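Report on one structure; see the data block that follows.
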Amino acid sequence: EGITVRELADMLHVPANKVMEALLKKGILATINQAVPTEVAIEIAESFGFLAEAKKEEEEEVLIEEIPDRPEDLKPRPPIVVVMGHVDHGKTTLLDTIRKTNVAEKEKGGITQHIGASQVKLQDGRVITFLDTPGHEAFTSLRARGAQITDIAVLVVAADDGVMPQTVEAINHAKAFNVPIVVAVNKIDKPGADPMRVRRELSEHGLIPEEWGGDTVFVDVSAKTGQGVDQLLEMIGLVADILELKANPDKRAKGVIIETKLDRKKGPTATVIVQEGTLRVGDIFVAGITNGRVRAMFDDKGRQVKEAKPSTPVEVLGFEELPEAGDTLIVVDSEKKARDLALKLKTKREKEEKLAQGVRLEDIYKKIEAGEIKELRVIVKADTMGSLEALKKSLEDLSTEEVAVRIIHGAVGGITENDVMLAKASGAIIIGFNTRPDPKARELIEKEKVDVRMYGIIYQVIDDVKNALQGLLTPIE
Ligand code: GDP
């Protein structure tokens with residue numbers, strides 16, 4: 001059937017006249033709306049440095065058929081929780097205390113294995129799964145790879161320090177993915193602790209305590225003495241109840257890889273959090289671009305287990321090669337299918353890496369028109385509080401009936417890796433005002449192809465975004 005010159009130009013992110021020129025060199029005279037045969041399009045794409053391949057019919061089909069669940073097959077599953085907050089506010093201590101105080105007598109003295117996540121059992125028998133790596137960075141980088149695993153975020157704020165920059169960052173990361181927040185006001189044992197101040201400051205960021213008529217749960221705790229920790233766990237349980245988290249345990253397992261390790265004795269191993277179905281020893285699976293068969297599984301207490309149900313983290317042995325964190329593991333019925341799927345995904349990824357782009361400002365209009373997006377997500381980093389506030393306000397004022405401009409995160413300072421990850425994971429663009437990316441962020445921008453725009457004059461920012469929303473922004477070459 002072929003592809004029009006315009007479509008081809010769009011795909012390659014080059015102006016249409018460049019494509020026409022290239023065609024002319026091959027002796028083909030085509031107008032912008034004219035279709036060229038697929039073989040020619042591939043040659044053109046390659047002349048622009050792309051690896052192109054005709055889309056086969058089968059690619060349109062989903063790689064693995066999803067079997068829909070009947071409501072009666074869905075069973076409650078434990079919540080998966082991440083602990084976030086500013087550095088030194090007590091995230092690690094809180095996780096340690098939770099793990100220590102909730103170990104059954106017979107397990108005490110046993111060595112907790114670090115597998116990347118752990119489960120605690122409450123007095124009433126309910127279970128909560130915690131990701132062991134605190135901070136929003138881990139959560140957002142998994143998210144950037146498409147893995148949606150966290151159900152609830154616990155925001156730790158030290159009562160003697162109050163809301164700090166990473167507190168705000170954590171809030172915005174959680175909000176961008178609609179993950180409900182439970183606030184742990186920590187260090188209340190300290191003489192200078194002011195839990196009310198934390199409530200006031202968080203209210204300014206939209207987290208209004210229930211006792212003030214809002215809908216955010218606040219619990220005062222001391223990670224050090226353990227005071228309030230049981231209540232915190234109980235509240236997490238309550239929030240989980242409201243979310244009605246469910247999964248079907250009686251189907252082929254599917255899970256997310258959260259950590260990987262190359263063990264000298266065990267070979268490539270990875271921690272999987274099961275999302276649905278039950279993972280069993282002997283299961284054949286595909287995991288990202290690798291595959292394998294479950295040789296053995298260990299739980300977070302280092303015990304060998306035969307099966308893992310939804311929301312359970314297990315260390316899995318039996319990968320052909322190391323998968324990547326964020327990859328999905330899916331059980332399939334034959335080794336051949338596992339290999340085929342792994343290979344297919346590999347080809348697909350390589351191609352995507354060549355062709356894929358993050359959300360770009362100049363593509364916004366097309367996406368709005370196509371009904372693909374309803375909001376333009378923006379991260380703003382500025383040199384001063386004054387310019388930040390001015391920018392946020394003027395940008396949000398550009399919202400129209402068709403598309404809202406939403407500032408998902410704004411802060412004073414340089415553009416960091418976290419900003420880039422958040423942009424990638426949430427499909428946002430980044431606007432830097434009199435500020436630049438740090439070296440690590442620069443590398444990541446290049447790799448993830450996030451649209452970052454640097455400005456020094458406010459009206460230029462406004463002009464560009466306004467034009468983009470109206471389809472008038474021309475791509476920068
Ligand atoms: P993280 O950077 O958020 O993981 O913070 P840490 O858990 O490493 O804690 C930073 C410091 O605060 C450590 O010295 C902890 O001992 C201390 N700390 C954490 N929680 C509490 C608490 O509830 N009370 C007191 N007094 N100190 C705490």
Side-chain angles (χ1 to χ4, degrees), residues 80-103 111-120 122 128-143 150 152-175 179-202 205 207 209 216-236 258-259 271 300 313 325 409 411 413 416-419 421-422 440:
I80 300 168
V81 179
V82 65
V83 174
M84 318 198 291
H86 196 72
V87 63
D88 281 346
H89 278 199
K91 300 180 291 293
T92 313
T93 312
L94 180 64
L95 275 166
D96 282 349
T97 305
I98 288 172
R99 275 190 301 243
K100 266 185 237 142
T101 50
N102 283 273
V103 179
I111 310 151
T112 347
Q113 301 291 308
H114 178 88
I115 66 165
S118 39
Q119 289 197 309
V120 299
L122 310 191
I128 301 174
T129 303
F130 282 93
L131 297 183
D132 285 341
T133 317
H136 50 279
E137 297 87 353
F139 148 77
T140 301
S141 73
L142 281 175
R143 206 56 201 239
T150 22
I152 297 171
V154 170
L155 180 67
V156 178
V157 188
D160 62 339
D161 204 21
V163 171
M164 298 302 278
Q166 285 163 44
T167 315
V168 178
E169 208 172 284
I171 295 171
N172 291 335
H173 280 235
K175 276 190 187 163
V179 176
I181 295 173
V182 171
V183 180
V185 182
N186 191 30
K187 306 201 186 183
I188 52 159
D189 60 291
K190 283 189 121 179
D194 185 355
M196 283 305 140
R197 173 178 149 211
V198 174
R199 283 169 173 73
R200 273 196 308 276
E201 290 176 349
L202 284 177
H205 292 276
L207 298 178
T216 305
V217 176
F218 280 66
V219 185
D220 292 343
V221 300
S222 165
K224 197 170 173 184
T225 68
Q227 186 190 342
V229 171
D230 280 341
Q231 202 199 340
L232 174 66
L233 294 174
E234 213 172 285
M235 286 302 161
I236 294 170
I258 58 160
E259 243 184 48
T271 298
D300 55 321
H409 179 57
T416 65
E417 277 179 297
N418 284 339
D419 298 325
M421 266 306 164
L422 178 61
K440 276 187 174 166

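As the structure is a prediction and not an experimental result, all values here were calculated from the model. Counting convention: from 1, in listed order, for ligands and their atoms alike. All values below come from the heavy atoms of this structure, side chains included, with hydrogens, waters and symmetry mates left out.
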With the threshold set at 4.0 Å, does a side-chain nitrogen-carboxylate oxygen contact exist between Asp220 and Arg199?
yes

Once you round to the nearest 0.5 Å, how far does NE2 of His114 lie from OG1 of Thr271?
7.5 Å

Heavy atoms of Ile188 and Ala159 approach each other most closely as CG2-CB, 4.4 Å

Determine yes or no for a side-chain-to-main-chain donor-acceptor pair under 3.5 angstrom, with Asn172 supplying the side chain and Glu169 the backbone.
no

Which residue and atom name correspond to the protein heavy atom nearest atom 20 (N) of ligand 1, and how close is it?
Asn186 ND2, 3.2 Å

Ligand-side contact atoms (ligand 1) for residue partner Asp88, heavy atom cut-off under 4.0 Å:
1 (P), 2 (O), 3 (O), 5 (O), 10 (C), 12 (O)

Polar-atom distance check: Ile188 versus ligand 1, any N or O pair below 3.5 Å?
no

Heavy-atom distance under 4.5 Å between the side chains of Ile152 and Val182, does that happen here?
yes

Taking only non-hydrogen atoms of His86 and a 4.0 Å limit, the atoms of ligand 1 in range are 3 (O)

Students should be able to answer this: which protein heavy-atom is nearest to atom 27 (N) of ligand 1, and at what distance?
Lys224 CD, 3.7 Å

Can you measure from CG (Leu207) to CD1 (Ile181) and round to the nearest 0.5 angstrom?
4.5 Å

Do protein heavy atoms approach atom 13 (C) of ligand 1 to less than 4.0 Å?
no

Shortest non-hydrogen contact from Val156 to Leu94?
CG2-CD2, 3.7 Å

Classify the contact between Asp189 and ligand 1 as side chain, backbone, both or neither, using a heavy-atom distance cut-off of under 4.0 Å.
side chain

Mind checking whether Leu94 has an N or O less than 3.5 Å away from an N or O of ligand 1?
no

What protein heavy atom lies closest to atom 9 (O) of ligand 1? Include the residue and the distance to one decimal.
Thr93 OG1, 3.5 Å

Does atom NZ of Lys175 have more than 12 heavy-atom neighbours from other groups under 6.0 Å away?
yes

Heavy-atom proximity to atom 21 (C) of ligand 1, picking from Met84, Gln227, Lys187, points to Lys187

Considering heavy atoms of the protein only, find what lies nearest to atom 23 (O) of ligand 1 and give residue, atom and distance to 0.1 Å.
Ala223 N, 2.9 Å

With respect to Lys190, determine whether any N or O atom, backbone or side chain, lies less than 3.5 Å from an N or O atom of ligand 1.
no

Looking at atom 4 (O) of ligand 1, tell me if a protein heavy atom falls under 4.0 Å from it.
yes

Between Asp132 and Arg99, is there a salt bridge with N-O shorter than 4.0 Å?
yes

